[in-house]
Amino acid sequence: MKPFKLAASLAVVLSALPFAVAAQEAEEPSSPFSWSVAVTSDYVFRGVSQTDESPALQGGLTWTADSGFYAGAWASNVDFGDGTDAEVDLYGGYKTEAGGFAFDFGVVAYTYVGAPAGVSYDNVELKAAASRAFGPATIGGAVYYSPDSWGVDNESVYWELNGAYTVSDKISLSGAV
């Protein structure tokens with residue numbers, strides 16, 4: 001195992017351990033903003049390495065309204081071997097629930113910083129997803145459609161089946177096909 005993968009695995013395990021944090025008695029209102037920062041040994045998107053099997057630093061910020069609308073941005077370094085430096089995704093959508101199902105309808109704009117002249121990786125994707133929880137388990141599916149996949153005048157459709165199992169408040173297992 002590569003030393004970086006071992007360190008990344010150890011970091012994931014340690015981050016899952018419960019840590020005691022002092023909290024106030026009064027409940028504070030929740031923020032409409034959430035954020036994430038990650039270091040990974042390889043940024044893989046739909047089975048293809050985006051970093052030439054090298055580490056990636058990633059971060060994102062999402063705003064979510066009580067009405068179910070959301071918008072955000074996410075970024076990661078990439079290495080396509082052609083000078084492209086980063087992927088910056090802008091997204092938005094609407095989440096709702098009905099009949100015990102959770103639905104998510106959205107759009108994602110994938111943009112790439114530093115792509116060589118004449119190369120257009122930029123593309124837009126529409127998303128429709130549904131899931132249902134059964135106790136600690138959730139199963140779902142999604143379909144993504146792009147009229148101009150990877151900047152080439154080709155449509156693409158991506159189907160996904162996914163599942164998750166909540167082990168505890170801080171640990172869940174998930175997978176997708």
Could you please spell out the steps behind the side chain to side chain contact (heavy atoms under 4.5 Å, CB included) verdict for Ile139 and Phe134?
-> CA-CA 8 Å; Ile139 59 169; Phe134 299 93; 3.7 Å; yes
Taking only residues two or more places apart in sequence, or in another chain, which ones meet [X] in a side-chain contact (heavy atoms from CB on, under 4.5 Å)?
X      : value
Val177 : none
Thr138 : Ser131, Ala133
Tyr145 : Leu126, Pro147, Glu155, Val157

Under a single-linkage definition using a 4.5 Å side-chain heavy-atom cutoff for Ile, Leu, Val, Met, Phe, Trp and Tyr, are Val119 and Phe45 assigned to the same hydrophobic cluster?
->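 Same hydrophobic cluster.
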Are Val78 and Trp74 joined in one hydrophobic group, where the rule is that I, L, V, M, F, W and Y side chains link up if heavy atoms are under 4.5 Å apart?
->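 In one cluster with Val78: Trp74, yes.
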Answer yes or no: is there a side-chain heavy-atom contact under 4.5 Å between Tyr112 and Asp122?
->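 Tyr112 vs Asp122: side chains touch.
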Please tell me if the side chains of Pro55 and Ser41 come closer than 4.5 Å, counting only heavy atoms from C-beta onward.
->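 SC-SC contact between Pro55 and Ser41 ruled out.
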Side-chain H-bond candidate by donor/acceptor type, Asp42 with Ser49, under 3.5 Å =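 Their side chains do contain a donor-acceptor pair, which is all the 3.5 Å distance test asks for.
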Spacing of OG1 belonging to Thr111 relative to CG belonging to Leu90, to within rounding of 0.5 Å =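 Going from the OG1 atom of Thr111 to the CG atom of Leu90 covers 5.5 Å.
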Sub-3.5 Å donor-acceptor pair from the side chain of Ser146 to the main-chain atoms of Val124, do we have one?
->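 Checked: pair present.
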Taking Ser31 for the side chain and Phe33 for the main chain, is one N or O donor matched with an acceptor at less than 3.5 Å?
->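 At least one qualifying donor-acceptor pair exists.
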Check residues 79-89 and write down every donor-acceptor pair under 3.5 Å in which the side-chain atom is one partner and the other belongs to a residue at least two apart or another chain.
from: Asp79; atom 1: OD1; to: Gly81; atom 2: N; distance (Å): 3.0
from: Asp82; atom 1: OD1; to: Thr84; atom 2: N; distance (Å): 3.1
from: Asp82; atom 1: OD1; to: Thr84; atom 2: OG1; distance (Å): 2.7
from: Asp82; atom 1: OD2; to: Tyr121; atom 2: OH; distance (Å): 2.4
from: Glu87; atom 1: OE1; to: Tyr43; atom 2: OH; distance (Å): 2.8
from: Glu87; atom 1: OE2; to: Tyr43; atom 2: OH; distance (Å): 3.2

N/O donor to acceptor pairs below 3.5 angstrom from side-chain atoms of residues 56-64, sequence neighbours left out:
from: Gln58; atom 1: NE2; to: Ser76; atom 2: OG; distance (Å): 3.3
from: Thr62; atom 1: OG1; to: Tyr91; atom 2: OH; distance (Å): 2.3

For residues 97-110, which side-chain donor-acceptor pairs fall under 3.5 Å, sequence neighbours excluded?
from: Asp104; atom 1: OD1; to: Tyr70; atom 2: OH; distance (Å): 2.5
from: Asp104; atom 1: OD2; to: Tyr70; atom 2: OH; distance (Å): 3.4
from: Asp104; atom 1: OD2; to: Lys127; atom 2: NZ; distance (Å): 3.0
from: Tyr110; atom 1: OH; to: Glu125; atom 2: OE1; distance (Å): 2.7

